[in-house]
S.K.: 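Quick one: structure below, then a few questions.
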Amino acid sequence: MNDTKVLIEKIKEGIQEKKGKKIIVADLTSIEDTICKYFVICQGNSPSQVSAIVDSIKEFTRKGADSKPYAIDGLRNAEWVAMDYADVLVHVFLPEVRAFYNLEHLWADAKLTQIPDLD
């Protein structure tokens, strides 16, 4: 498994650890002039859960993929937090904010993979 795939796997595990839902991995590698290779999109039910998911992702990627985000934005109100791992951008949303911005629709020409929720 290459470094990017390992990173995505650790991001997914970090999300699932804090019960993040509706995980989508958008593969942007076949689209020209994108800012990264992959988006990972998920949601939490409250600002505190969104923050917990972000912390969990940081922990899992540091330990499991030896990687730290270059930048994190949106933690102040924790409605939409973006985490920049260079080739992978992680978006952690509240459900209503996710519905409003609808990134999956914006990147509809990407290959979207839905990760089943853990119950």
Side-chain angles (χ1 to χ4, degrees):
M1 215 180 323
N2 71 29
D3 290 347
T4 303
K5 298 280 188 202
V6 170
L7 179 61
I8 290 170
E9 184 62 28
K10 293 301 164 190
I11 290 167
K12 183 186 82 169
E13 290 173 13
I15 295 166
Q16 291 173 328
E17 173 70 18
K18 295 299 178 187
K19 310 279 190 272
K21 299 287 185 201
K22 298 188 177 175
I23 305 169
I24 300 276
V25 178
D27 181 343
L28 310 176
T29 55
S30 62
I31 303 170
E32 288 186 30
D33 300 326
T34 58
I35 55 173
C36 62
K37 294 180 180 174
Y38 295 90
F39 274 0
V40 179
I41 305 165
C42 71
Q43 66 191 47
N45 290 322
S46 66
S48 57
Q49 186 184 16
V50 167
S51 294
I53 291 168
V54 169
D55 289 343
S56 181
I57 292 169
K58 285 193 308 194
E59 185 75 8
F60 272 77
T61 57
R62 185 179 61 78
K63 286 183 176 171
D66 195 28
S67 189
K68 289 189 203 169
Y70 293 97
I72 298 175
D73 195 27
L75 272 175
R76 185 174 301 155
N77 59 9
E79 293 177 355
W80 172 8
V81 178
M83 305 176 75
D84 181 358
Y85 284 93
D87 286 345
V88 182
L89 273 179
V90 182
H91 301 274
V92 186
F93 286 101
L94 288 178
E96 59 274 16
V97 178
R98 182 179 186 172
F100 180 81
Y101 288 102
N102 199 358
L103 291 185
E104 294 94 326
H105 180 72
L106 280 177
W107 294 95
D109 45 352
K111 179 178 179 269
L112 301 178
T113 304
Q114 193 157 3
I115 309 298
D117 289 344
L118 296 181
D119 289 325

S.K.: Is there a side-chain contact between Arg98 and Lys22, using heavy atoms and a 4.5 Å cut-off?
M.R.: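 Yes. Closest side-chain heavy atoms under 4.5 Å.
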S.K.: Please enumerate all residues that pass side-chain contact (heavy atoms from CB on, under 4.5 Å) together with Asp66, with sequence neighbours excluded.
M.R.: none
S.K.: State, yes or no, whether a side-chain contact exists between Ser56 and Ile15 at a heavy-atom distance under 4.5 Å.
M.R.: no
S.K.: Flag the pair Met83 / Thr61 as yes when at least one side-chain heavy-atom distance between them is below 4.5 Å, and no otherwise.
M.R.: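 No, every pair of side-chain atoms sits at 4.5 Å or beyond.
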S.K.: So, does Glu59 use its side chain to make a donor-acceptor pair with the main chain of Gly14 at under 3.5 Å?
M.R.: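 Between the backbone of Gly14 and the side chain of Glu59 there is no qualifying donor-acceptor contact (under 3.5 Å).
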S.K.: How close do Pro47 and Leu94 get, counting heavy atoms only, and between which atoms?
M.R.: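 For Pro47 and Leu94, the tightest heavy-atom pair comes out as N-CD2, 3.6 Å.
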S.K.: Would you say Phe60 ends up clustered with Leu118 if hydrophobic residues are merged whenever their side chains have heavy atoms under 4.5 Å apart, either directly or through other cluster members?
M.R.: no
S.K.: What's the shortest heavy-atom distance between Val81 and Gly74, and which atoms?
M.R.: CG2-O, 3.6 Å
S.K.: Restricting to non-hydrogen atoms, name the atom on Cys36 and the atom on Val88 that form the minimum distance, rounded to 0.1 Å.
M.R.: CB-N, 4.3 Å
S.K.: Counting only heavy atoms not in Asp117, do more than 12 fall under 6.0 Å of its CG?
M.R.: yes
S.K.: Over 60° means perpendicular and under 30° means parallel, so tell me whether His91 and Trp80 are parallel, tilted or perpendicular.
M.R.: tilted
S.K.: Is Gln114 atom CD crowded by more than 12 heavy atoms from other residues, nucleotides or ligands, each under 6.0 Å away?
M.R.: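 It does not: Gln114 CD has 12 such atoms or fewer within range.
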S.K.: If you draw a 6.0 Å radius around CG in Asn77, do more than 12 non-hydrogen atoms from other residues or ligands fall strictly inside?
M.R.: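 Yes, enclosed.
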S.K.: Are Val25 and Lys12 packed together at the side-chain level, in the sense that at least one heavy-atom pair is separated by less than 4.5 angstrom?
M.R.: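 No, side chains not in contact.
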S.K.: Return the CD1 to NZ distance between Ile72 and Lys58, rounded to the nearest 0.5 Å.
M.R.: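 Answer for the CD1-NZ pair, Ile72 versus Lys58, is 4.5 Å.
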S.K.: Quick check: are there more than 12 heavy atoms from other residues, nucleotides or ligands sitting under 6.0 Å from NZ of Lys21?
M.R.: yes
S.K.: I'd like to check Trp107 versus Ile24 (side-chain heavy atoms, cut-off strictly below 4.5 Å). Are they in contact?
M.R.: no
S.K.: Between Thr4 and Tyr38, do the side chains contain a donor N or O and an acceptor N or O under 3.5 Å apart?
M.R.: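 Checked: Tyr38/Thr4 side chains show no N/O donor-acceptor pair below 3.5 Å.
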S.K.: Give the minimum heavy-atom separation between Ala86 and Tyr70, together with the two atoms involved.
M.R.: CB-CE1, 3.4 Å
S.K.: Less than 4.5 Å apart, side chain to side chain, heavy atoms only: is that true for Cys42 and Val92?
M.R.: yes
S.K.: If you measure from CD1 on Ile53 to CD1 on Ile11, what distance do you get to the nearest 0.5 Å?
M.R.: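 It comes to 13.0 Å.
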S.K.: Taking atom CG of Asn2 and atom CG of Asp87, what is their separation to the nearest 0.5 Å?
M.R.: 9.0 Å
S.K.: Can you find a pair of side-chain heavy atoms, one from Lys63 and one from Lys10, that are under 4.5 Å apart?
M.R.: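 Lys63 vs Lys10: side chains apart.
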S.K.: In Å, rounded to the nearest 0.5 Å, how long is the span from CD of Gln43 to CD1 of Ile23?
M.R.: 10.0 Å
S.K.: Rounded to the nearest 0.5 Å, how far apart are CZ of Phe39 and OG1 of Thr34?
M.R.: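 These two atoms lie 8.0 Å from each other.
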S.K.: Could you tell me which non-hydrogen atom of Val6 sits nearest to which non-hydrogen atom of Ala65, and how far apart they are?
M.R.: CG1-CB, 4.1 Å
S.K.: Taking atom CD1 of Ile8 and atom CG of Asp27, what is their separation to the nearest 0.5 Å?
M.R.: 7.5 Å
S.K.: Any idea which heavy atoms bring Ala110 and Ala26 closest together, and the distance?
M.R.: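 Heavy atoms only, the tightest pair is CB-CB, 4.3 Å.
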S.K.: Any side-chain heavy atom of Asp109 within less than 4.5 Å of one from Ile31?
M.R.: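 SC-SC contact between Asp109 and Ile31 confirmed.
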